[in-house]
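Inspection log for the structure reproduced underneath, given as structure tokens.
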Amino acid sequence: MGERRSKHLVLILAREFASNLATPTAIADDDGRLVFYNEAAEEVLGGRFADTGEMEMDEWTATFSPRTRNGDPLPPERRPARIALNERRASHEQFRITSRDGVDRDVAVTAFPLFAHEDECVGVVAIFWRE
Amino acid sequence: MQVKVWGCRGSLPTPGPQTVGFGGNTSCIEVSLDDGTTLVFDAGTGIVELGFELARRGAERVHLLLTHLHLDHLEGLRFFAPMWDPKVELDIWGPPSPVSGLRERIALAFSPPLFPIDVHDVPAQVRFLDVPREQWEVGGASIYGDLVMHPGPTLGFRIEADGVTIAYVPDHEPALLGMTGRTRDWISGAGVAEEADVLLHDAQYSAAEYEQRIGWGHSSVDDAVFFADAVGAQRLVLFHHEPRHDDEALARLEERACELCGDRYEQPMLAREGLVVPMPAPTR
């Protein structure tokens with residue numbers, strides 16, 4: 001058996017936690033694959049997770065054209081979830097997105113890594129704050 | 001492979017005339033491989049009698065795998081005969097903790113005021129080992145341990161050997177994290193139990209009792225049957241019986257499980273002390 005047969009328990013717990021939050025929340029696994037976002041996030045992002053399904057986090061993020069308030073593209077290395085995943089630290093950033101419903105929204109995103117053990121990061125949680 | 005149940009009671013040993021049918025000893029099963037390897041899962045009070053049996057057989061190499069360290073899975077260890085035999089090499093595998101090592105945590109049970117003898121005075125050659133994150137080999141078995149839903153770090157085990165696969169998940173509350181409408185990979189414990197030939201699974205409560213004990217870390221019979229169905233396990237063995245359930249109550253729960261199961265897969269059965277679990281013919 002080479003790869004995991006199911007999601008890590010910490011991700012399953014995180015999903016259950018997010019499912020019960022009114023705060024928009026997305027979860028990615030340790031490969032940077034978006035595995036879930038909750039109903040509150042569906043409102044901000046203008047699309048249902050059931051329609052999106054799992055996908056690469058960077059690909060998913062790019063669909064919202066994240067950019068600074070000045071309109072400059074926000075590079076991956078400044079995106080909080082990418083930082084949390086690559087650098088294993090919490091990160092926060094304010095930026096503008098165009099949601100799938102075509103509406104421009106100013107958001108702030110806080111992302112942090114999920115450690116099952118000190119040396120085992122199993123994914124990241126990204127929380128969206130409406131500005 | 002042979003799987004024998006030495007203890008299947010949950011939470012608290014329950015000796016007495018009302019429980020002689022299914023037994024009152026807490027969790028312990030023995031898995032004997034065709035190559036002679038003996039694997040012991042959990043050290044509830046059921047392990048005491050197994051220890052005497054291993055001593056009679058002259059076992060000098062024992063592998064003990066602990067799902068977690070709650071007392072009903074550990075309390076028999078201090079009276080496990082191989083621990084007190086200097087000829088015995090005993091490997092104890094347990095869940096890694098983010099806080100302290102396995103030896104350190106088990107040592108608490110071997111220290112005053114709980115016990116008079118310190119763990120480093122145990123005569124057997126004991127090694128304390130963290131269960132690895134990947135599948136690993138013990139004797140002729142491939143074993144995989146994964147965290148499952150239960151308070152504190154708790155593992156379920158998948159054992160593949162001699163052409164059959166068994167899953168041992170004695171303490172587990174997958175319903176707390178949702179099962180209905182979830183794909184298999186999002187169900188706690190699915191990674192160890194998927195398509196197992198035999199699944200020994202927590203079924204401590206009736207559905208009505210579970211409603212009063214949500215979050216305590218255990219399953220109802222109904223949820224155990226649902227879980228077995230969701231992960232595609234062939235034969236379900238209901239385990240970790242509620243201490244307050246006498247033999248009659250357990251027999252009713254077994255009937256309930258069979259009703260729920262219908263003809264979807266082999267009929268569920270309740271674990272009882274001394275049971276040698278009927279194994280399917282090897283297919284792999």
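Keep in mind that the numbers below use all heavy atoms, side chains included, and drop hydrogens, waters and symmetry copies. What you see is a predicted model, and the numbers here were worked out from it, not measured in a lab.
Contact annotation for A:Asp119: both backbone and side-chain heavy atoms come within less than 4.5 Å of a heavy atom of chain B. Using a 4.5 Å cut-off between heavy atoms, B:Pro153 makes no contact with chain A at all. Neither the backbone nor the side chain of A:Val10 comes within contact range of chain B; no heavy atoms are under 4.5 Å apart.
Listed by chain and residue number, nothing satisfies the ring pair (Phe, Tyr, Trp, His ring centres under 6.0 Å) test with B:His63 (two or more places apart in sequence, or in another chain).
Note on B:Arg133 versus A:Glu120: salt bridge recorded, some NZ/NE/NH1/NH2 to OD/OE distance being below 4.0 Å.
B:His218 and B:His240 have parallel rings, their planes meeting at less than 30° on a 0 to 90° scale where 60° marks the start of perpendicular.
In this structure, B:Arg213 forms a cation-pi arrangement with B:Tyr205, its terminal cationic atom sitting closer than 6.0 Å to the ring centre and no more than 45° off the ring axis.
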